[in-house]
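Only one structure is covered here, and it is reproduced in the block below.
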Amino acid sequence: MQWMGLGNLWFALIIPAIIVLYLLKRKVEDRVIPSTLLWQRTLQNWEAVKPWERLRRNLLLLLQLLAACLLVLALIRPAVPTEGITSDHTILVVDTSGSMMAKEGNETRLKRAVSQAKALVEKLGSTQTMTLIEAGREPNVLVSKSADKEPLLQAIEKLAPFSGTSDQIAALSLAGAIAENEPGSGVVWMGDGSGERKLDGGSVPAFSGSFQFMQMGSTRENTSIGVFVTQPTEKGVEGLLRVDNHGSMPAKGKVTVFDEQDKLLDTDSFAIGAGSSQTFSFQKLAVSSVYRAVIEPEQDGLSQDNVMWSVPFAAGKGKAALYSPEGNRFLHQVLQTVGSLEVETIQQAPDAAADARDLWVFDGVVPDQLPKGNLLLIAPNKKTEWLPLAGEKELDQQPRPVSPDDPLLKHVDWRDVHIAKGYALDEMPGMKPLVRAGDVDLVRAGIIDGRRIVIIGFDLHASDFPLRPAFPIFMQNVVNWLSPGQTAPIPMAHPGEVLTLPLSPGATARTLTYPNGHQQSLTEDATSKTMQLPELTGLYRLDEEVDTGTKSTYFPVQMNEGESNITPKSLSVARKNAEEQKESEEATETDTTGALGTKELTYWLAAFALLVLLVEWRVYQRGY
């Protein structure tokens, strides 16, 4: 039995009030009568000093007390657990995050959720409807307010897990908004509680409907690979691997490292305490383009996090071309000292047939067409189709960062920099301002036609910027950003994320091979490609045909590390007021028994109280 409105319990004061009314003596009027012989017993009671009398057995009193008790019970809203769902409109939310792939006996948590969701649908009444929401990377309404069981069952059967973390706030916000607009709605959430947190009313719209959390998980033992990195050294390739035990019991097992051809390179065993980690160091691994680490725990709830790939990286030398007709000693010197670049000073502007470069630097001149490679443009002197130069302006204000958190401005202090004049530019799609003086953008950065471009909108000789400590720091950031292929590997990503792939300038053909063997041809004539990764973990390979042959670049896509902690957690939501919040906490207790709901007895109690009042009125009329 649950009490959904204990805040109304103070209405029970009506019960002693009724009793007090029957204890008080009636007020009488003085009247002249012939004799008091027959009124002696009555007079004895009226002449007593006390204002109340002994409570007597009275049918009206009993009926009134019964009606009052029934009304008070109705106000505190008693509810009993029932099988199935009781809301007129049920909003069913199913979590499909990575932890739902954890094994619970012979089935996964998601399969358990699918089974119980089907059971809920089968128990829908003829007047009940259901909305089905998939709580994935983004919430997705699969079926909207349908009373037809067939489409609901088909949509539930198609639910599939992904390797990321579900957006709980977005899913609950959507469910709450639907419940708020649909009277008689209740929310049922099926999942393992991917985050043990209480969602406040500021992030989730409050709604008055019921909220039921059905726990799909019970297993908490899981061991995963947290980190696996490899690095070339003078003595060979070294590897560092960390194994995490997310469970409540010690974990034992074996760890193995393979090369690109699945050849076993090294193996070791681990014994890790509950909630702890163990680190392994592998020395002098055989040279390989990629390495694969595998763990084999004795007890494990989630197998998808037992494999991790690592791509060793050693920064190579990139090719840069500097074209400065007037000469710039500051620029030439700083390009020789920052980044990993072989800088070639060219004496004439490159044409369309010029060899590709990782980085082109133009000082005081603007190319009519974008060359093959990323571009650093300093002091643009003319307007072209791709560069909307508006003119030159005198500057009377200090430079100030527009986007201080941008990687290009990291550790760069512009407060002591003085600039006499700058070049104003009109709006450029794909480019954003980083540094500004007044209404003139001094630094812009972005992507045009797939090329990364940085524009410094002033002449270095018309400023003291090259004399400040900020200059080499800024140039280091710029070169690193413009030549990512030489300064950093492609970072490890998660399925479904948006990833920017650095491309080799001048490549004649590019092919991206997925972990399942599927190949995609990339036709972009650019230095980068932004793509959304599929829901597929494993090792990806980018093959490019360059002048020296085929260049292969690998990058891993792994399951989100946060999903490896499969310990079941609770999920609750904030409500409109403190009383409803308490009721919500009572109603969202973890349920593992199946499809349970609650049915309030309020209307039945109110109807019974009305019936008692009718009987009481009839008794009064007859004078009992």
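All values derive from a computational prediction rather than experimental measurement.
- The neighbour count for I14 CD1, taken as heavy atoms of other residues, nucleotides or ligands under 6.0 Å away, does not exceed 12.
- Judged by distance alone, the side chain of K529 and the main-chain N or O of L501 form no donor-acceptor pair under 3.5 Å.
- A ring-centre distance under 6.0 Å is not found for F258 and Y291.
- Salt bridge K118/E150: absent, no basic N to carboxylate O contact under 4.0 Å.
- Taking 4.5 Å as the limit, every side-chain heavy atom of T90 sits out of range of all side-chain heavy atoms of T131.
- Counting all heavy atoms, side chain and backbone alike, A113 lies closest to M100 at CB-CE, 4.1 Å.
- Closest approach of I225 and N306 over heavy atoms only: CD1-O, 3.5 Å.
- Residues L605 and L71 form no side-chain contact, since every pair of their non-hydrogen atoms from C-beta on lies 4.5 Å or further apart.
- Environment of CD in Q154: crowded, with over 12 heavy atoms of neighbouring residues, nucleotides or ligands closer than 6.0 Å.
- Here the rule is side-chain contact (heavy atoms from CB on, under 4.5 Å) with H246, and of T567, L302, N222, T223 only N222 fits it.
- Distance check, rounded to the nearest 0.5 Å: CH2 of W309 to OH of Y554 gives 9.5 Å.
- Here the closest heavy-atom approach between residue V311 and residue P556 is recorded as CG2-CD, 4.1 Å.
- At a cut-off of 3.5 Å, with distance as the only test, no side-chain donor of S97 or T165 sits close to an acceptor on the other residue.
- L536 has its side chain within reach of Y514: a pair of non-hydrogen atoms, C-beta onward, lies under 4.5 Å apart.
- One finds the CD atom of E563 at 7.0 Å from the CZ atom of F162 (value rounded to the nearest 0.5 Å).
- The closest donor-acceptor contact from the side chain of E221 to the backbone of M249 lies under 3.5 Å.
- When side chains are defined from C-beta on, E561 counts as touching D244, because their heavy atoms get closer than 4.5 Å.
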Before giving the answer on side-chain contact (heavy atoms from CB on, under 4.5 Å), spell out for E296 and V255 the whole-Å C-alpha distance, their side-chain angles and the decisive distance to 0.1 Å. CA-CA 6 Å; E296 300 176 26; V255 56; over 6 Å; no
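- The aromatic rings of F270 and F280 sit perpendicular, their planes meeting at an angle over 60°, well past the 30° parallel limit.
- Taking CG of L159 as the reference point, atom CG of L132 lies at 6.0 Å (rounded to 0.5 Å).
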For a side-chain contact (heavy atoms from CB on, under 4.5 Å) check, start with the C-alpha distance between S218 and E104, then their side-chain angles and the critical distance, and finish with the verdict. CA-CA 7 Å; S218 59; E104 298 290 342; 2.8 Å; yes
D300 vs I295, test: side-chain contact (heavy atoms from CB on, under 4.5 Å). Steps then yes/no. CA-CA 10 Å; D300 194 49; I295 60 172; 6.0 Å; no
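- In this structure, K111 places its NZ atom where only 12 or fewer heavy-atom neighbours from other residues, nucleotides or ligands lie under 6.0 Å away.
- Closest of all the heavy-atom pairs between G193 and F213 is N-CZ, 3.8 Å.
- The structure places OG1 of T96 at 14.0 Å from CE of M190, a figure rounded to the nearest 0.5 Å.
- Contact check for S528 versus T500: side-chain heavy atoms found under the 4.5 Å cut-off.
- No donor-acceptor pair closer than 3.5 Å links the side chain of R220 to the backbone N or O of N565.
- If you take CE on M216 and CG on D192, they are separated by 9.5 Å, rounding to the nearest 0.5 Å.
- E535 has a carboxylate O that lies under 4.0 Å from a charged side-chain N of R137, or vice versa, which qualifies the two as a salt bridge.
- S173 places a side-chain N or O within 3.5 Å of a backbone atom of I169 that can act as its donor or acceptor partner.
- For the salt bridge (charged side-chain N to carboxylate O under 4.0 Å, His left out) test with R292, the passing option among D266, D262, D259 is D262; the others fail.
- In this structure a side-chain-to-backbone donor-acceptor pair under 3.5 Å is missing from Q558 to T537.
- S288 places a side-chain N or O within donor-acceptor distance of the main-chain N or O of E260, the cut-off being under 3.5 Å.
- Annotation: side chain of V612 is not in contact with side chain of L610 (no heavy-atom distance under 4.5 Å).
- Of the inter-residue distances, the one linking K252 atom NZ with N245 atom CG reads 12.5 Å to the nearest 0.5 angstrom.
- Using modelled atom types, no side-chain atom of S224 and backbone atom of G226 make a donor-acceptor pair closer than 3.5 Å.
- Shown here is Q520, whose CD atom has more than 12 heavy atoms of other residues, nucleotides or ligands within 6.0 Å.
- No donor-acceptor pair closer than 3.5 Å links the side chain of S166 to the backbone N or O of Q168.
- Side-chain polar atoms of D543 and T511 form no donor-acceptor pair below 3.5 angstrom.
- Taking the side chain as every heavy atom from C-beta outward, V94 and I133 never approach each other to under 4.5 Å.
- In plain terms, the two heavy atoms of A175 and V93 that are nearest each other are CB-CG2, 4.1 Å.
- Within the 3.5 Å criterion, the main-chain N or O of E182 finds a donor-acceptor partner in the side chain of S185.
- Looking at Q532, its side chain never comes within 3.5 Å of a backbone N or O of E497 through a donor-acceptor pair.
- A salt bridge links D406 to K432: one of the charged nitrogens lies within less than 4.0 Å of a carboxylate oxygen.
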Derivation of the side-chain contact (heavy atoms from CB on, under 4.5 Å) call for L120 and L92: CA-CA 9 Å; L120 279 181; L92 178 61; 4.1 Å; yes
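- Side chains of D95 and W189 form a contact here, defined as non-hydrogen atoms less than 4.5 Å apart.
- With no hydrogens or angles considered, a side-chain donor-acceptor pair links T230 and S310 at under 3.5 Å.
- The two atoms that bring E616 and L63 nearest to each other are CA-CD1, 3.7 Å, heavy atoms only.
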